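Down below is the structure, laid out as structure tokens.
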Amino acid sequence: MHGAVIHAPGDVRFETLDDLEILEPTDAIIRTAVTCVCGSDLWPWRGLDATDEAHPMGHEYVGFVEAVGSEVASVEPGQFVVGSFATSDNTCANCRNGWQSNCLNREFMSTCQADYVRIPNAQGTLVATDGVPDEEFWPGLLAVSDVMGTGWYAAEAAEVEPGSTAVVVGDGAVGLCAVIAAKEMGAERIVVMSRHEPRQKLAREFGATDIVTERGEDGVARIKEMTDGIGADSILECVGTAQAMQQALHSARPGGNVGFVGLPHEVAIDGQELFFTHVGLRGGPAPVRRYLPDLIDRVLSGRIDPGRVFDLTLPLEQVAEGYRAMDERRAVKALLTP
């Protein structure tokens, strides 16, 4: 088999890897239909997350079941499946409470930029579609495995409600999917903070009503100006930097909510400041498995089309170009075809 391996910052290679085997009775092996590069993969690419030794990359996947362990009865070879970037048994207390991304047996996927992937906890992680979807739906279903599910969680954590004003901080794939989620949850006004015209255009097509190009405190001032000096009901933070978090917290109205799903880097929260603003704050890895049945249905019914965030398609062997294009902001998200 073949897949992407990172050796050092800026050094991702397409390599021949050992063929996969079922290691645990709860495993499944899938042949990927499509996979992709995630914005969070750029942290090690840029050297902001350490790469101490060479290792495979990727955590988003859809594909065909090739083999299952003896304890896997929910899917079978030949089925087309969608899974989450965080595996879950879907039976432990945390899973039953709806937080499958905090499953007691959780494993984070990290080998999915490959033509075959071993899925731990397959019984609780994988959801089979009714038959094999047309290939036109594959990008949307792939988005559901992470960025659409994460954007949905951002909107849920920020408590977007019908008629509310939502602000999305970040115009990457997660931020754009968060626009879809905010619209689906009934937000009346959806403001996207973006400086990139192609992304602004897609955000508007997804449902954004306003674009703010300012950043930092200037961005906060613009949001306050647009909301009669009060701030927005819901802020969806989809970046993970200190500036993005401060921009999100300061843009919320008293009693508003911030949902943060950008993987935090050097983010610090002033507890006393948060205390006196009455702003609610919730984040973490999205419980994608909870949303899978609903989001799969929305994609296959044509109600949403998050696959449009993929604006560059490459063969898997050119995975390094996918990283470069996203790093240089020549692409929102790179789709990889094995």
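Quick note: numbers below take in every heavy atom, side chains included, and nothing from hydrogens, waters or symmetry partners. As the structure is a computational prediction, the values presented were derived from the model and not from experiment.
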Exercise. Does Arg222 pair with Asp218 as a salt bridge, N-O distance under 4.0 Å?
Worked result: no
Problem set entry | Lys/Arg N to Asp/Glu carboxylate O, Lys201 vs Glu197, below 4.0 Å | no
Problem set entry | Pair Arg31 + Asp115, salt bridge at N-O below 4.0 Å | no
For this session: Taking atom CD of Glu15 as the centre, report whether more than 12 heavy atoms of other residues, nucleotides or ligands fall under 6.0 Å from it.
Result: yes
For this session: Using a 4.5 Å cut-off on heavy atoms from C-beta on, say whether the side chain of Met326 contacts that of Leu42.
Result: yes
Problem set entry | Distance (rounded to the nearest 0.5 Å) between Ile119 CD1 and Ile29 CD1 | 9.5 Å
Seminar exercise, completed: Result for side-chain hydrogen bond (donor to acceptor under 3.5 Å, both in side chains) between Asp89 and one of Asn105, Asn121, Thr125 points to Asn105
Exercise. Hey, are the side chains of Val169 and Cys238 touching, using non-hydrogen atoms and a 4.5 Å cut-off?
Worked result: no
Exercise. So, do Met193 and Glu214 sit near enough that their side-chain heavy atoms are less than 4.5 Å apart?
Worked result: no
For this session: Would you check if the side chain of Gln79 reaches a backbone N or O of Glu76 as a donor-acceptor pair within less than 3.5 Å?
Result: yes
Exercise. Is there a path from Val81 to Met148 through hydrophobic residues (I, L, V, M, F, W, Y) whose side chains come within less than 4.5 Å of each other?
Worked result: no
Exercise. Are Tyr61 and Met1 co-members of a hydrophobic cluster defined by side-chain heavy atoms under 4.5 Å apart?
Worked result: no
Exercise. Between Asp19 and Arg118, is the closest basic N to carboxylate O distance under 4.0 Å?
Worked result: no
Exercise. Can Cys177 and Val174 be said to form a side-chain contact (heavy atoms from CB on, under 4.5 Å), step by step?
Worked result: CA-CA 5 Å; Cys177 287; Val174 172; 5.7 Å; no
Exercise. With side chains defined as the heavy atoms from C-beta onward, is the minimum distance between Phe14 and Gln318 less than 4.5 Å?
Worked result: no
Exercise. Does any N or O in the side chain of Asp327 come within less than 3.5 Å of the main-chain N or O of Tyr323, such that one atom is a donor and the other an acceptor?
Worked result: no
For this session: Could you tell me whether the side chains of His196 and Gln200 share a donor-acceptor contact shorter than 3.5 Å?
Result: no
Problem set entry | Side chain proximity check, His7 to Thr51, heavy atoms < 4.5 angstrom | no
Exercise. Counting only heavy atoms not in Glu136, do more than 12 sit closer than 6.0 Å to its CD atom?
Worked result: yes
Taking only distance into account, with no hydrogens and no angle test, what donor-acceptor pairs under 3.5 Å do side-chain atoms of residues 275-287 form with protein atoms, sequence neighbours excluded?
unit_1, atom_1, unit_2, atom_2, d
Thr277, OG1, Leu274, O, 2.9
Thr277, OG1, Val279, N, 3.2

Exercise. side-chain contact (heavy atoms from CB on, under 4.5 Å) between Asp11 and Ile6: does it pass, once the steps are laid out?
Worked result: CA-CA 6 Å; Asp11 184 8; Ile6 188 168; 5.7 Å; no
For this session: May I ask you to decide if Val160's main-chain N or O and Ser164's side chain share a donor-acceptor pair within less than 3.5 Å?
Result: no
Exercise. In terms of hydrophobic clusters joined by side-chain contacts under 4.5 Å, are Trp152 and Val127 together?
Worked result: yes
Exercise. Is a salt bridge present between Glu217 and Lys224, judged by a nitrogen-to-oxygen distance below 4.0 Å?
Worked result: no
For this session: Could you check if a side-chain atom of His265 sits within less than 4.5 angstrom of a side-chain atom of Thr241, using non-hydrogen atoms only?
Result: no
Problem set entry | Heavy-atom pair with the smallest gap, counting every atom of Ala208 and Val192 | CB-CG2, 3.7 Å
Exercise. Any salt bridge between Glu205 and Arg308, counting N to O under 4.0 Å?
Worked result: yes
Exercise. Any chain of hydrophobic side-chain contacts (each under 4.5 Å) joining Phe64 to Ile30?
Worked result: no
For this session: State whether Glu60 and Lys333 are salt-bridged, where the test is any N-O pair (Lys NZ or Arg NE/NH1/NH2 against Asp/Glu carboxylate O) under 4.0 Å.
Result: yes
Problem set entry | Carboxylate-amine/guanidinium contact Arg253 Asp233, below 4.0 Å | yes
Problem set entry | Interatomic spacing from CG in Asp297 to CG in Asp130 - rounded to 0.5 Å | 11.0 Å
Seminar exercise, completed: Of all heavy-atom pairs linking Gly83 and Leu126, the shortest is CA-CD2, 4.0 Å
Problem set entry | Validation row: Phe310, Cys36 side chains within 4.5 angstrom (heavy atoms) | yes
For this session: For side-chain contact (heavy atoms from CB on, under 4.5 Å), just list the numbers for Val261 and Glu237, CA-CA rounded to whole Å, side-chain angles, deciding distance to a tenth of an Å, and then say yes or no.
Result: CA-CA 6 Å; Val261 296; Glu237 193 281 299; over 6 Å; no
For this session: Kindly say whether Gly69 contributes a backbone atom to a donor-acceptor pair with the side chain of Asp27 at under 3.5 angstrom?
Result: no
For this session: Let me see the working for Asn90 and Gln100 under side chain to side chain donor-acceptor pair (under 3.5 Å), right down to the final yes or no.
Result: CA-CA 6 Å; Asn90 218 20; Gln100 290 92 335; 3.0 Å; yes
Exercise. Does the Asp270 side chain pair with the main chain of Gln272, one donor and one acceptor, at a distance under 3.5 Å?
Worked result: yes
For this session: Would you please name every residue forming a side-chain hydrogen bond (donor to acceptor under 3.5 Å, both in side chains) with Asp305, sequence neighbours left out?
Result: none
Exercise. How are the rings of Phe108 and Phe85 set to each other: parallel, tilted or perpendicular (split at 30° and 60°)?
Worked result: parallel
For this session: Would you please classify the geometry between the Tyr153 ring and the Trp99 ring as parallel, tilted or perpendicular, with 30° and 60° separating the classes?
Result: perpendicular
For this session: Please say which of Thr35, Asp41, Thr32 ends up in a side-chain hydrogen bond (donor to acceptor under 3.5 Å, both in side chains) with Gln113.
Result: Asp41
Exercise. Is a side-chain donor or acceptor of Arg106 paired with a backbone partner of Ser88 at a separation under 3.5 angstrom?
Worked result: no
For this session: Decide if atom CD of Glu21 counts as having more than 12 heavy atoms of other residues, nucleotides or ligands within a radius under 6.0 Å.
Result: no
